[in-house]
Structure formats: structure tokens, C-alpha cells
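Given the structure is predicted, the values throughout are model-derived calculations rather than measurements. Letters A, B, ... are given to chains in the order of the sequence lines, protein chains preceding strands, and every chain is numbered from 1.
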There are 2 protein chains.
Amino acid sequence: MSKKPITMADVARLANVSKPTVSRALGGHPNVKPKTREKVLSVAREHGYAVNRNAKKLREKYTNTIAVILDFSSHRRHRITDPFIFELLAGVSEALSIRKQDLLLSPPTLSDANSYKELVSGRVVDGFIFLGQGANDAMFNELVKKDVPMVAWGGNTEGTKYCTVGSDNFLGGFLAGERFVQHNKKNILFVGNTEHIELRLRREGLEKALSTADYDYTLSELQGEDFSFNAHYEAMVQLLKSSPAPDAIFAYSDTAAMAIINALNEHGLEPIRDYLLVGYNDIAQASHFSPRLTTIRQDTFLAGALLVEKFMAVLNDNSPMSSTIPTELIVRNT
Amino acid sequence: MSKKPITMADVARLANVSKPTVSRALGGHPNVKPKTREKVLSVAREHGYAVNRNAKKLREKYTNTIAVILDFSSHRRHRITDPFIFELLAGVSEALSIRKQDLLLSPPTLSDANSYKELVSGRVVDGFIFLGQGANDAMFNELVKKDVPMVAWGGNTEGTKYCTVGSDNFLGGFLAGERFVQHNKKNILFVGNTEHIELRLRREGLEKALSTADYDYTLSELQGEDFSFNAHYEAMVQLLKSSPAPDAIFAYSDTAAMAIINALNEHGLEPIRDYLLVGYNDIAQASHFSPRLTTIRQDTFLAGALLVEKFMAVLNDNSPMSSTIPTELIVRNT
DNA sequence: TCAATTCATGTAATCTGTTTCAAAAAATCG
DNA sequence: CGATTTTTTGAAACAGATTACATGAATTGA
């Protein structure tokens with residue numbers, strides 16, 4: 001391979017100064033004579049010197065690296081490809097790079113709290129940003145107890161001990177509910193697994209809106225067995241075989257919404273005329289699907305920025321409050 | 001913050017052995033008495049010891065970390081959200097985690113070869129996997145000259161000095177062309193910027209198929225100014241205003257294809273009846289869009305595995321050959 | 001001009017592992 | 001059983017930076 005790279009000691013020798021001076025010159029320390037600094041910088045540049053970040057991190061204790069945990073491989077073939085999570089990832093990536101933090105992307109192969117803790121005590125990363133909460137609330141709480149710095153995208157409930165950033169799920173649900181009420185829809189289908197905190201909150205918001213309207217309605221629930229496109233499609237096909245078609249649907253994601261629309265389509269049902277549907281996330285594809293999706297929008301860049309900001313606060317031992325980002329209903333053709 | 005974590009020296013003391021013995025016991029070195037190893041392991045486990053990876057990397061020279069470069073923030077709002085690139089990312093992530101390599105996800109803020117080189121000489125990462133070649137062929141070649149280990153997803157041409165893994169772009173183009181010939185289509189539109197090597201190859205394949213059919217055809221080109229959904233939509237709307245509608249379209253991505261179909265739709269044109277369209281990538285959404293997209297499929301898991309395999313070969317100074325993955329036409333409703 | 005500050009630089013210690021090499025312990029053998 | 005070989009262990013060096021502290025140089029003030 002390539003030969004030994006130049007070290008700080010080499011630069012020091014070549015510039016006729018000592019190691020600490022080089023360190024200070026490069027690190028922007030104020031007490032360095034301008035002439036010396038220039039000399040050092042020019043030698044460093046000339047020889048393409050780059051500080052060894054491992055040595056630096058070893059000495060400095062912190063890593064400036066944050067692990068982002070993303071579950072994109074639950075099943076090999078039917079893996080999640082909900083673009084929303086990637087929009088979120090893009091937001092986080094941008095926010096981290098602004099703060100000059102490195103992003104270590106990990107699949108959640110690690111299922112127990114200890115293996116996460118190890119990455120922190122092994123000085124691999126300073127902590128974790130979890131994109132998606134899944135059914136890990138308990139494990140996350142355990143991480144907090146073990147002093148592992150972390151924040152998660154999601155929602156919180158009484159038991160939640162960690163900081164979350166998320167959609168205003170209750171409001172999102174409420175907005176969908178309002179729309180259904182306005183159009184006098186009464187046979188309502190909620191699509192999503194309410195074991196997930198976020199989805200539970202949405203369902204509560206939805207019910208709140210429906211109940212204040214003071215009229216009779218049925219609210220049923222459909223939960224695809226995993227998060228794949230086909231799972232949702234199939235589940236909907238089954239449901240249409242056995243029950244009367246719903247006249248209003250609130251889906252937990254635009255991706256799920258698309259799958260469900262396909263099933264409704266094939267069953268001869270048309271949006272607006274036969275049913276209303278509200279999706280969630282307003283992913284880039286939502287406005288280009290046909291029909292164009294009515295959905296709940298959140299700003300993923302803001303989300304990323306907030307997640308990172310809160311994480312940094314956690315690192316500095318200020319216990320930041322969980323927060324939600326602005327959440328609005330975008331009405332299109334469903 | 002949390003107090004000083006336990007070090008290897010601590011474990012050594014607690015187990016009544018020396019540091020090197022602990023190192024060997026944990027590292028699975030053969031020459032350690034089973035009883036000693038057990039003692040060390042139990043002490044380590046009991047105190048939740050984790051080796052400091054920075055110290056380890058400092059001594060060992062390699063980082064076991066690979067940077068994956070992904071361009072997902074070219075424009076703040078209109079950023080690329082082509083799910084294909086994320087499917088690819090998922091594939092790479094899985095392949096890396098199998099080999100116990102860490103994945104550092106970086107945006108390509110670094111535009112010149114030197115800043116990439118710095119990450120390698122600074123021992124941040126062992127090298128790079130670029131997901132997408134863009135118009136960076138020249139810069140990539142420069143990286144090779146600077147001994148920066150790297151591979152890229154893409155295609156290669158005469159000047160390409162680095163290893164690529166990619167779709168069989170020529171074949172992909174050829175398959176699309178064949179389909180057009182079979183249906184006697186003559187007014188063909190190629191959507192994509194042929195400054196990108198991959199797209200140039202596809203266009204060549206397309207032309208090959210068309211020319212062997214020995215009949216007259218027109219082949220025009222449309223290139224959205226950036227990769228956003230709207231750019232493609234708008235470009236297509238413009239084109240339909242000024243020129244006769246094409247009867248066959250070959251789009252460089254399914255995402256672009258969707259945008260274009262929207263434009264065609266609004267212009268009253270229907271797939272199959274009025275035009276054929278072949279997309280590229282077979283993203284998860286392709287088969288659920290309406291109309292269901294005819295497209296070119298590649299296995300992104302295989303792609304990820306190959307990229308990682310080749311990268312490792314590059315690291316070990318075997319110059320691996322570039323290769324293409326199986327590429328097939330999936331005929332659906334366009 | 002000399003003492004008192006302030007600024008710039010260097011020496012040595014430190015961070016936490018791995019590796020080399022030599023010594024000690026254990027196992028093998030005639 | 002003593003000599004030889006093999007296994008197991010430890011002391012010290014090393015990886016490449018940063019930091020505390022000390023010293024020498026430059027500047028200020030009287």
C-alpha cells in the first residue's frame with residue numbers, strides 16, 4: 001500500500017519548530033507568531049499533511065461522530081424503502097455536516113442496549129440519533145439509564161425518558177379527522193400499528209376530531225404485518241373482500257397510502273367520489289402519484305436540524321425538551 | 001458527563017495480569033492459557049469494558065471505516081430523493097456490516113481530490129465508495145493517481161482508471177431499443193444527460209438496437225436541468241408544446257419516468273396506446289405507480305455486495321476489474 | 001536601562017491500546 | 001531427571017497527536 005504518511009513530528013522538524021507549535025499553529029491557537037504559523041502552514045500544505053484523527057480523538061476524549069440508526073434491512077427483499085426516512089436522513093446529514101460532525105450510519109443489528117453502550121464507551125461515537133422509534137421505547141429508556149446520549153425521531157408518552165423530535169402526531173390525526181367530519185364520512189379506517197407511539201397519538205387525534213363532531217362513526221384498524229408495499233396492498237385487498245369499503249382512510253405513511261389506493265382502484269373505487277384518503281409525510285412522490293395524495297406535511301430539514309440540536313444538548317448534559325415540528329394538511333386529490 | 005470509562009490497564013489490574021495479556025485474551029490470540037482468558041473475559045464483562053477504538057486504530061493503522069459518498073443535498077429544497085440511490089445505500093450498508101466495516105456517510109461537500117485524500121491520510125476512513133458518478137470522472141481518476149482507495153457505482157469508458165460496478169448500461173439501453181423496434185416506434189425520446197458515462201452507454205445501446213432494425217427513426221434528447229421531479233416535469237411540458245409527442249421514451253430513472261408520465265397524462269396521452277416508456281432501476285415504487293412502470297431492473301443488494309467486495313480488493317492492492325450486474329427488462333403497463 | 005509583564009516556544013507527560021522481545025513457566029524427550 | 005523445546009507472560013517501546021508547565025524572548029513601564 002501507500003507508504004508511511006507524514007506526521008506532525010515530521011512537519012515540526014521540517015519547519016524547525018516543535019510539535020506543540022505545529023499543533024497550535026494548525027489548531028488556530030492565538031499565541032503563535034504569525035510568521036511561525038505561516039511557515040508551519042506552508043510546510044504542512046506542501047507535504048499534504050493531515051492530522052491523524054485517531055490520535056487526536058484518543059487524546060481529546062470525544063469523537064465528533066454520531067451514529068444514525070436506520071432500519072432499512074428488516075427483510076432482505078421486502079425491505080423498507082419508504083423515502084420519508086431517507087428525506088429525514090438527508091436532513092440529519094446536512095445538519096451534522098454544518099456542525100462538522102461525522103455521521104456513522106448503522107443498521108440496528110444491535111438489538112440490546114449494551115451493544116449500543118459499547119460503541120460509546122469504545123469511543124466509536126458520541127451517541128445516537130435513531131430515525132424511527134418502532135417498538136423500542138423500552139430499550140431507549142434503558143439507554144438513558146445507562147447514560148448513553150441519544151435522541152429519537154418519534155413521539156412521546158408518559159413513560160418516555162428520552163428526548164424526541166417528531167411530527168405533531170396528535171394534530172396530524174386531528175386534521176385528518178376534521179377533514180373526514182367536514183365531508184361527513186362515517187366509516188373510517190385507520191391504517192397503522194398503534195403499538196408505535198407516534199401512531200397511537202395520531203389515532204387519538206383522529207378520534208378527538210371525530211368525537212367532537214358528535215355523530216356516529218365506525219373506526220376500524222388495519223395494520224400491514226410489516227412495512228412493505230405488498231403487505232399493505234394485500235391486507236387492503238383482503239379487507240375489501242370481507243367488509244364494506246371504508247369511505248375515509250387515514251394511512252400512517254404516503255407509501256402505505258399508495259399501496260392502499262392501488263387496492264381500492266382495482267376494486268373500482270375512486271378517490272373523492274368514493275372515499276377520502278389522508279396520507280402522512282408528504283414525500284416527494286406524493287404530489288406526483290396519481291391521484292395526487294392528500295397528506296400531512298412536515299419539514300424534514302427542520303426535523304434534521306432539531307434532532308441534531310437536541311442531541312448536542314443531550315451531550316452537554318442540558319436535558320432538552322422533546323418537541324414537535326409544524327404539521328399541516330396538504331389537500332390534493334384524495 | 002459520565003465518568004472515566006474503564007481501560008485495559010484497569011482490567012489487567014483487576015484480573016492480576018498484564019496489559020498485553022488482556023489485549024491477547026480479548027483479541028483471540030491463540031497463545032493464552034484458557035484459564036487466563038476466561039478470567040480476563042469475565043472481568044471485562046463484569047465491568048462492561050470496551051476497547052477504545054481510537055487507541056486501537058492509532059496503533060493498527062487501518063480504520064475499518066469506509067466513507068460512502070452520496071449526493072443528496074444539491075439543492076436544499078429540490079434535493080434528489082430518487083429512492084434508487086437509497087436502495088443502493090441499503091445494499092452497501094448491509095454488505096459492509098457483514099464485513100464488520102463501519103460506514104461513514106458523507107455528503108460530497110468536498111469537491112476536489114485533495115479533501116478526499118485528507119480523510120485517508122488523516123486516518124478517518126480507509127477509502128471511498130461513491131454512489132453515483134455524476135460528472136466526476138476526471139476527479140475520480142485523480143484520486144486513483146493519488147493512491148486514494150475508491151470504487152464507484154457507475155459505468156466506465158476508455159479514460160476510466162478506477163473500478164466501477166454498475167448496471168449493464170449498454171444492455172439496458174439495448175433492451176429498451178428492442179422493445180421500441182418490436183412495436184415499430186420511430187419517434188424516440190431519450191431522457192438523460194449523456195455527459196454522464198452511464199447514460200452515454202445506455203444511449204449507445206439504445207441506438208445499437210434501433211440501427212440494427214434497419215428502419216428510419218428520430219432520436220431526440222431531453223435533459224432536465226437538475227435531477228428534481230419538477231425539472232423533468234416542466235421540461236416535458238415544454239417539449240410537448242413545441243414538438244410532436246414522442247411515441248417511445250427511454251428515461252434514465254423511474255423517478256424521471258414518473259414525472260414525464262404526469263406531463264404526458266395531462267397532455268391527454270396514454271401509455272401503450274400513445275407511447276411506450278421504459279424507465280430504469282425498478283425502484284420499489286415502480287410497480288405501484290399507475291401506470292405500473294416498464295423498466296430495467298438491477299439487484300441493489302448484489303450491487304452493494306460487489307461494490308464492497310471490489311473496494312476491499314482495491315485496499316489490498318489487487319486491481320479488481322470493473323463489472324456489471326445482471327440487467328433485465330421488466331415489462332409492465334408502459 | 002533594568003525590572004515586570006506578556007507572548008511565544010519547547011520539554012515532558014498523557015491518552016489507551018498493540019507489538020516486539022526477552023524472560024519465565026510448562027511441556028516434551030532421551 | 002536434566003536438557004531442550006514450546007507456551008505463556010510481562011516490560012518497554014510505540015502509534016501520533018494534545019496539554020500542563022516551564023523557560024526564553026519580546027515588550028512595556030518606570
Does the separation of the ring centres of B/Tyr116 and B/Phe130 fall below 6.0 angstrom?
-> yes
For D/dT9, does either OP1 or OP2 sit under 4.0 Å from a side-chain N or O belonging to B/Ser18?
-> no
Would you say the base of D/dA17 and the side-chain of A/Lys19 have a donor-acceptor pair closer than 3.5 Å?
-> yes
Please figure out whether A/Thr7 or A/Arg24 has its closest DNA chain D nucleotide nearer the 5' end.
-> A/Thr7
Within less than 4.0 Å of OP1 or OP2 of D/dT7, is there a side-chain N or O belonging to B/Asn31?
-> no
Write down the distance between CG (B/Asn52) and P (D/dG16), rounded to a whole number of angstrom.
-> 16 Å
Considering only heavy atoms of chain B and a distance under 4.0 Å, specify the first and last nucleotide of DNA chain C in 5' to 3' order that meet this criterion.
-> C/dT16 to C/dT19
Select one nucleotide: of D/dA17, D/dT8, D/dA15, the one nearest the side-chain heavy atoms of B/Lys33.
-> D/dT8
Sub-3.5 Å donor-acceptor pair from the side chain of A/Thr65 to the main-chain atoms of A/Val125, do we have one?
-> no
Would you kindly give the NZ-to-C1' distance between A/Lys35 and D/dA26, to the nearest whole Å?
-> 14 Å
Are A/Asn114 and A/Lys146 close enough that a side-chain donor and a side-chain acceptor fall under 3.5 Å?
-> yes
Non-hydrogen atoms of B/Glu198 and B/Trp153 that approach each other most closely = OE2-NE1, 3.5 Å
What integer distance in Å separates A/Met8:CE from D/dA15:C1'?
-> 14 Å
Between B/Arg123 and B/Thr63, is there a donor-acceptor pair closer than 3.5 Å when you use the side chain of the first and the backbone of the second?
-> no
Atom pairs and distances, donor-acceptor, side-chain atoms in residues 38-53 of chain B, under 3.5 Å, two or more places apart:
residue	atom	partner	partner atom	Å
B/Ser42	OG	B/Lys39	O	3.2
B/His47	ND1	B/Val43	O	3.1
B/Asn52	OD1	B/Asn54	N	2.8
B/Asn52	OD1	B/Ala55	N	3.1
B/Arg53	NH2	B/Asp102	OD2	2.9

Rounded to whole Å, CD of A/Glu60 lies from C1' of D/dA17 at a distance of 9 Å
N/O donor-acceptor pair under 3.5 Å between A/Asp10 side chain and A/Thr7 backbone | yes
Give a yes/no answer on whether the side chain of A/Tyr49 brings an N or O atom under 4.0 Å of OP1 or OP2 in D/dA17.
-> yes
DNA chain D nearest-nucleotide lookup for A/Ile6 and B/Pro30: closer to the 5′ end is B/Pro30
Five-pair end axes of the helix from C/dT1-D/dA30 to C/dG30-D/dC1, angle between them (10°) = 30°
Taken to the nearest whole Å, NZ/B/Lys57 to C1'/D/dA17 is 15 Å
From D/dA17, D/dA12, D/dT9, nucleotide with atom closest to B/Thr21 side chain | D/dT9
Does A/Arg53 make a side-chain donor-acceptor contact with the base of D/dG16, cut-off 3.5 Å?
-> no
Donor-acceptor contact below 3.5 Å, side chain A/Arg37 vs main chain A/His29 | yes
Please determine, by modelled atom types, if A/Thr160 and A/Thr157 share a side-chain donor-acceptor pair under 3.5 angstrom.
-> no
Result for 5'-nearest mapping on DNA chain C, choosing between A/Leu58 and A/Val17, is A/Val17
Can you tell me if the side-chain N/O atoms of A/Ser23 get under 4.0 Å from OP1 or OP2 in D/dA17?
-> no
Any B/Lys61 side-chain N or O less than 4.0 Å from OP1/OP2 of D/dG16 | yes
When rounded to whole Å, the CZ to C1' distance for the pair B/Arg37 and D/dT9 reads 13 Å
B/Asn16 CG to D/dT9 P, in whole Å, measures 13 Å
Main-chain N/O of B/Gly159 paired to B/Asn141 side chain as donor or acceptor, under 3.5 Å | yes
